[in-house]
**Q** 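Here it is: the structure, laid out below.
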Amino acid sequence: MSQTATSEDSSLLQDRARQRCARIALALLIPTVLACGFLYLASDYGGRCITYSEHCSQVPDEWTYAAFATSAVCGSLAAGVPSHRRWIRTARAGLLAVQILAHVAVAALVIS
């Protein structure tokens, strides 16, 4: 009986850790976009794109918006849904993974 309680406690601790990671990643989403934007503007390609409209990114803006929205929605679900709901415990790991991948995609798309 103590092993069952221990596995439930371990599962709850893992879930809380994932929820905390989702909150941190969600809080860092806007600063990441701003930092990547400043890096792009400070680069030679960014300066030429703004000044002469040369060497601008060929990636559609909608991809960046979609990745940002995906990261925000998955992060909000992973961080905001209470742990007492059974389905979120199993889904939180997947939501966190999608959130982090979308976060990285946003950073890469802004820099490109």
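If you're wondering where the values come from, they're calculated on a predicted model, not measured in any experiment.
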**Q** Any chance you could lay out the side-chain contact (heavy atoms from CB on, under 4.5 Å) test for T70 and V106, step after step, and finish with the verdict?
**A** CA-CA 10 Å; T70 301; V106 166; over 6 Å; no
**Q** Spell out, yes or no, whether V81 and L13 are grouped together once hydrophobic residues are joined by side-chain heavy atoms under 4.5 Å, including indirect joins.
**A** no
**Q** Report whether I50 and V110 are members of the same hydrophobic cluster (ILVMFWY, side-chain heavy atoms less than 4.5 Å apart, transitive linking).
**A** no
**Q** Can you measure from CZ (R48) to OG (S53) and round to the nearest 0.5 angstrom?
**A** 12.5 Å
**Q** Say you draw a straight line from CZ of R92 to CZ of R16; how long is it, rounded to the nearest 0.5 Å?
**A** 10.5 Å
**Q** Measure the CG-SG distance between L96 and C21 for me, rounded to the nearest 0.5 Å.
**A** 6.0 Å
**Q** Just verifying a value: how many Å separate T64 OG1 and I111 CD1, rounded to the nearest 0.5 Å?
**A** 11.5 Å
**Q** Enter the distance from S76:OG to L26:CG here, rounded to the nearest 0.5 Å.
**A** 5.0 Å
**Q** I need the R89 CZ to Q19 CD distance, nearest 0.5 Å.
**A** 10.5 Å
**Q** Could you walk me through whether S71 and Q99 pass side-chain contact (heavy atoms from CB on, under 4.5 Å), step by step?
**A** CA-CA 4 Å; S71 180; Q99 177 193 11; 3.8 Å; yes
**Q** For residues 29-43, please give each side-chain donor-acceptor pair under 3.5 Å, one per line with the distance, not counting sequence neighbours.
**A**
residue : atom : partner : partner atom : Å
T32     : OG1  : L28     : O            : 2.6
T32     : OG1  : H103    : NE2          : 3.0
S43     : OG   : Y40     : O            : 2.7
S43     : OG   : G46     : N            : 3.1

**Q** My understanding is that a hydrophobic cluster links ILVMFWY residues whose side chain heavy atoms are under 4.5 Å apart, including indirect links. Using that, what else belongs to the cluster containing V59?
**A** W63, L109
**Q** Might you point out which heavy atoms bring A78 and A22 nearest each other, and give the distance in Å?
**A** CB-CB, 3.6 Å
